[in-house]
Amino acid sequence: MQPSRSLLALPVVLGLACGGNVVGTDRAMLAAMQVPPEAGVAVSDVELKVVEIRRDDNTRHKSLSVRFEVAGEGLKKYRPGVKYSCVVGEVVLTGGFVAYGNSPVDGKLAPEILFIELDDYLRSTGSDEPSACELDLRLEENGPPVPGREQRPLGKLCYRQLDGKRALAEGACAGDVVPRAPQPDATLTAKIVSARPTNGGNAESTSVIFGSLLTLHRPAGAGLSVTIASSCDGVPGQVTLGPNHFEDVAPGESIWHRGTQPTPGKAAGETKQCDLTIRAKEGETSAEVARSCYRTGTLTDGACG
């Protein structure tokens with residue numbers, strides 16, 4: 001996750017993108033939202049869409065996206081985008097700010113932004129759709145998505161699903177609707193939520209796909225990094241997430257990281273056991289925050305015995 005990510009103007013074919021078929025669609029809509037005058041744009045026709053996907057193995061999950069129209073002189077210098085914070089059970093999941101990186105046509109843009117990390121989390125964990133999402137719409141200065149790029153707020157929206165009805169309203173969600181609950185004595189906590197083997201693409205290689213939930217409890221400093229390490233059948237590997245991954249994460253919010261650990265030299269399907277460890281480092285202080293064992297299709301907490 002970067003300070004922002006740019007999306008090209010490609011059609012979002014959700015069923016195809018998610019490896020399944022669309023079997024149902026629902027939405028919540030808002031005709032227009034009030035935007036600060038200094039933004040230099042108007043925002044209208046906001047639509048939060050919920051699509052149900054049936055995969056080839058007959059499992060189902062929900063996929064969310066937001067579409068809105070932006071028009072005005074502000075688009076000459078800025079591009080629109082959104083940060084979502086969605087409630088799934090006790091988790092407030094975010095993907096950071098995602099900018100729509102295309103040129104306006106006749107002074108207008110109509111971005112449709114898929115909640116990619118949320119989609120993967122719901123699919124990987126088998127979780128139900130979010131009960132609520134806070135949407136933070138912004139403009140970002142055109143150019144490469146690097147730290148420090150100027151942003152202008154457009155406003156916040158609150159999506160809720162209550163008694164089977166979907167609603168989208170102006171304003172931030174109340175604290176009990178999107179309950180961010182940071183722990184006072186921790187910077188970051190983590191949990192390895194899912195792991196499964198997969199063919200790495202050829203007969204000589206196998207990988208393990210793992211999913212980790214990382215929860216921030218106080219603002220991330222410049223020295224924060226997280227290392228996810230694994231040892232699969234004796235083959236080590238690791239990935240490190242720098243502070244930019246937490247650039248737009250509020251205390252009490254979580255990010256989802258899914259990755260693969262190659263095990264070169266193993267025939268497909270032969271990975272039997274993986275030790276998975278997550279360590280957080282701040283400055284010179286490093287601490288283990290999660291450890292799990294994957295063994296023959298089962299994921300358990302703690303080291304492999």
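- Of the candidates V50, V46, V66, L30, Y159 forms a side-chain contact (heavy atoms from CB on, under 4.5 Å) with just one, namely V50.
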(request) Please lay out, stage by stage, how T215 and E253 fare under the test side-chain hydrogen bond (donor to acceptor under 3.5 Å, both in side chains). (result) CA-CA 6 Å; T215 304; E253 293 183 343; over 6 Å; no

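- A donor-acceptor contact shorter than 3.5 Å links the side chain of D233 to the backbone of K272.
- With salt bridges taken as basic N to acidic carboxylate O contacts below 4.0 Å, none links E140 and R149.
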(request) Tell me, with the steps shown, if Y100 and V70 meet side-chain contact (heavy atoms from CB on, under 4.5 Å). (result) CA-CA 11 Å; Y100 187 80; V70 187; over 6 Å; no

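- A disulfide is not assigned to C133 and C158, since their SG atoms are no nearer than 2.5 Å.
- A single hydrophobic cluster is seen to contain both L93 and L122, as judged by linkage of ILVMFWY side chains at heavy-atom distances under 4.5 Å, directly or through other members.
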(request) Go through the steps for E52 and R60 under the test salt bridge (Lys or Arg N to Asp or Glu O under 4.0 Å), then give the verdict. (result) CA-CA 7 Å; E52 185 172 12; R60 300 188 181 204; 3.6 Å; yes

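- With respect to E38 and R152, no salt bridge is recorded, no charged nitrogen being found less than 4.0 Å from a carboxylate O.
- Applying the ring-ring contact (aromatic ring centres under 6.0 Å, His included) criterion to F115, with sequence neighbours excluded, gives Y84.
- Classification of E47 and R67 as a salt-bridged pair fails, no side-chain N sitting under 4.0 Å from a carboxylate O.
- Each of V178 and L118 belongs to its own hydrophobic cluster when Ile, Leu, Val, Met, Phe, Trp and Tyr are linked at side-chain heavy-atom distances under 4.5 angstrom.
- Put simply, the side chain of N142 gets close to the backbone of K77: a donor and an acceptor are under 3.5 Å apart.
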(request) Output, in order, the C-alpha distance, side-chain angles, deciding distance and verdict of salt bridge (Lys or Arg N to Asp or Glu O under 4.0 Å) for D248 and R138. (result) CA-CA 13 Å; D248 212 347; R138 309 174 195 166; 2.7 Å; yes

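- Residues L135 and W256 are members of one and the same hydrophobic cluster, defined by side-chain heavy-atom contacts under 4.5 angstrom among Ile, Leu, Val, Met, Phe, Trp and Tyr.
- A donor and an acceptor atom, one from each side chain of E112 and S65, are located under 3.5 Å apart.
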